> 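Here you go, one structure.
If you're wondering where the values come from, they're calculated on a predicted model, not measured in any experiment. Throughout, protein chains are lettered first and strands after them, A, B, ... in sequence-line order, and every chain is numbered starting at 1.
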Number of protein chains: 2
Amino acid sequence: MSFADAFQKYIKSPEKFPSIIKYHDDNVIIIRDLFPKSVCHYLVIPRSNEITHIHPLDAFYKDYSNITGQELYDLMETYVTKAKDLIIEDLKGMFNKCELNNLKLQEFKNSFIKVGVHSIPSLRNLHIHVITSDFESPSMKHKKHYNSFNTDFFVGFDKLNPMLNKRYQTIVSRSGPAGGEEDYASDSTNSEDDNIYDDYGDDQIEYVSHIRNEGMLMNIIKQSPLKCQSCGKSFGNKFQELKKHLHEEYLTKYGQFDNFDHDNIVQYYEDRPR
Amino acid sequence: MSFADAFQKYIKSPEKFPSIIKYHDDNVIIIRDLFPKSVCHYLVIPRSNEITHIHPLDAFYKDYSNITGQELYDLMETYVTKAKDLIIEDLKGMFNKCELNNLKLQEFKNSFIKVGVHSIPSLRNLHIHVITSDFESPSMKHKKHYNSFNTDFFVGFDKLNPMLNKRYQTIVSRSGPAGGEEDYASDSTNSEDDNIYDDYGDDQIEYVSHIRNEGMLMNIIKQSPLKCQSCGKSFGNKFQELKKHLHEEYLTKYGQFDNFDHDNIVQYYEDRPR
DNA sequence: TATTCCGATAGTGAC
DNA sequence: GTCACTATCGGAATGAG
């Protein structure tokens, strides 16, 4: 068992690690990332042996003995929501008397939490990241950390919905490899799933363009200039300057909450389970 | 006054720095390098304002108001000998009762001390390095330190003898730029300085080939693989491995002396004036 | 090529 | 692509009154 199988013992015997595992049932465990790259950083990890070693870009596109890919996706979506709720609870804990902030917390939950997977996971057990977008953390230590969440190396959970891939298959099977946008536009008129397809307009053409070439992906996280996803400012290769900037962004973002206290966040890191 | 003029105050007022300056008279000061790159590392620094800012590769090739280049070279040679004697005194001090080692010390003096200049000095005042060949020192910290003494970037004092350049000039003036080895061989028969030229045979043809191109010189110290000048072993860019090897070579070399004690050498560094 | 400080870059080993 | 550790490599500032 190498480092890459670090989650194996958790999904096998969650009851043995009560301090680490925030939630578990027969389907998943939810844990805090041991090296969180943001103030809040959770992982949703399916427990099934049949599923755990499937590549994250394939996991929801195939069917299993007891569950279809679509059903697995929908199921995981419920656990992602649970992880988001854990984040909200964390925030309430950090800011103490936050009853007045519930509206802001909802907005926060809906727009400031990223959910998705790494195109090349280092840890082999399938896991879904649920992470706040501050990237303010002592464990955020170099360019690859940041770019693995802020480039195409990171694939949003919504882009993994097999419904999108199913449509892609439909297009391909009808038009063949040479099919272009015209084929794509034409099939919205005769599919039985029009209502669903209409939810994703032509500007969603990229939905199945997940990069799988490992060299290309490594290049993306190694070579892409560091860019703040909030304000768009680029920092080239100057990671420490990005860190300073992210800290400013973080103070602004979390400062919207009453009782915001940076020391509470620092304490959060010091108290976190190792 | 920038860092590059660090020696200026010493040559102006040597009497103000008695703890740093090991020897001084009207012509030169001799100091220990403040960041010695070997167990023993002295600098011979001419005091004359007329001379001090001449490039080391030119300094002995031109005449001054009160001294010719050749006279300056011969004069500096006497101070180089004095610096070597200071090194011998250092070694005696390190090993304490070394009366029995005088023969070995003479051999050491004649074959283990390098004398010369850097092709691109960082400190502007003309200075001649007189340094033991161990390169065992806490101040030996990176590749450029080592290569600045162990590649063509370092020009031996013997190669700066203007006698050699004078002969080169003779060749060039007689044969023109296209002149080759035939011209070189022919002029030994009709020069009034035959006796001198005969001291440097045809295998000394490289005597004036000092590289002056700055880019080329920078490349030499930056790119040349690290190579032990004692045993010839190459260490590529692995400076720390070279350091370990040099330490072994040093233990062997200095172990030839009675009463060798490595801790004495370490103490030597800790006690050295800063 | 002076030093020192900081930081970016690169390779390793981990059980 | 995990971490932590070591080391290599790269730029920038450096003083004095």
> Nearest-Å distance, CG (A:Asn237) to P (D:dC9)?
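It is 18 Å, rounded to the nearest whole Å.
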> Find which nucleotide of DNA chain D each of B:Met1 and B:Lys222 is nearest to by heavy atoms, and output the residue with the more 5' nucleotide.
B:Lys222
> Give A:Leu217 one of three labels, base, sugar-phosphate or nothing, depending on what nucleic acid heavy atoms sit under 4.0 Å from its own.
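Result for A:Leu217 = nothing.
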> A:Phe149 CZ to D:dT2 P: how many Å, rounded?
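To the nearest whole Å, that distance equals 8 Å.
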> Where the side chain of A:Phe239 is concerned, which of C:dA2, D:dT2, C:dA8 is the nearest nucleotide?
C:dA8
> Between A:Lys238 and C:dT9, is there a contact of a side-chain N or O with OP1 or OP2 at under 4.0 Å?
no
> Between atom CD1 in B:Ile221 and atom P in C:dA2, what is the gap in whole Å?
8 Å
> Taking B:Arg47 for its side chain and B:Ile11 for its backbone only, find out whether a donor-acceptor pair lies under 3.5 Å.
yes
> Is it the case that the ring center of B:Tyr73 lies less than 6.0 angstrom away from the ring center of B:Phe157?
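Yes, the ring of B:Phe157 comes within the 6.0 Å limit of the ring of B:Tyr73, centre to centre.
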> Starting at atom CE of B:Met140, determine the distance to atom P of C:dA2, rounded to an integer number of angstrom.
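Rounding to the nearest Å, CE of B:Met140 and P of C:dA2 are 10 Å apart.
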> Test B:Ile220 against every option in B:Asn147, B:Asn213, B:Ile211 by the side chain to side chain contact (heavy atoms under 4.5 Å, CB included) rule and name the one that passes.
B:Ile211
> Which sits closer to the 5' end of DNA chain C, A:Gln240 or B:Phe153, going by the nucleotide each is nearest to?
B:Phe153
> Let me spell it out: for each of A:Lys141 and A:Pro121, pick the nucleotide of DNA chain D with the closest heavy atom. Which residue's pick is nearer the 5' end?
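First, find each residue's nearest nucleotide; the 5'-ward one identifies A:Pro121.
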> In whole Å, what is the span from the NZ atom of B:Lys243 to the P atom of D:dT8?
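To the nearest whole Å, that distance equals 11 Å.
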> Determine the contact category for A:His142: base if any of its heavy atoms lies under 4.0 Å from a base atom, sugar-phosphate if only primed atoms, P, OP1 or OP2 are that close, otherwise nothing.
nothing
> So what does B:His118 hit on the nucleic acid, given a heavy-atom distance under 4.0 Å: a base, only sugar-phosphate, or nothing?
sugar-phosphate
> According to the Watson-Crick and G-U wobble definitions, with both distances under 3.5 Å, which nucleotide is paired to C:dA14?
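By the stated definition (distances under 3.5 Å), D:dT2 pairs with C:dA14.
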> Indicate, with a heavy-atom threshold strictly under 4.0 Å, whether B:Ser2 touches base, sugar-phosphate, or nothing.
nothing
> Any side-chain to backbone donor/acceptor pair from B:Asp134 onto B:Val39? Under 3.5 Å, distance only.
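Side chain of B:Asp134 to backbone of B:Val39, a donor-acceptor pair under 3.5 Å: yes, one is there.
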> Under 6.0 Å between ring centres: does that hold for A:Phe239 and A:His145?
no
> To the nearest Å, how far apart are B:Met218 CE and D:dG11 P?
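Nearest whole value for this atom pair: 11 Å.
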> Under 4.0 angstrom, heavy atoms only, what part of the nucleic acid is A:His127 near: base, sugar-phosphate, or nothing?
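Nothing, no heavy atom under 4.0 Å.
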> Please report the distance, rounded to the nearest Å, between CZ in B:Phe35 and C1' in C:dT4.
9 Å
> Between atom CZ in B:Phe3 and atom C1' in D:dT14, what is the gap in whole Å?
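My rounded result for the distance is 8 Å.
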> Could you tell me how far D:dG17 sits from C:dT4 if I compare only their P atoms? Round to whole Å.
23 Å
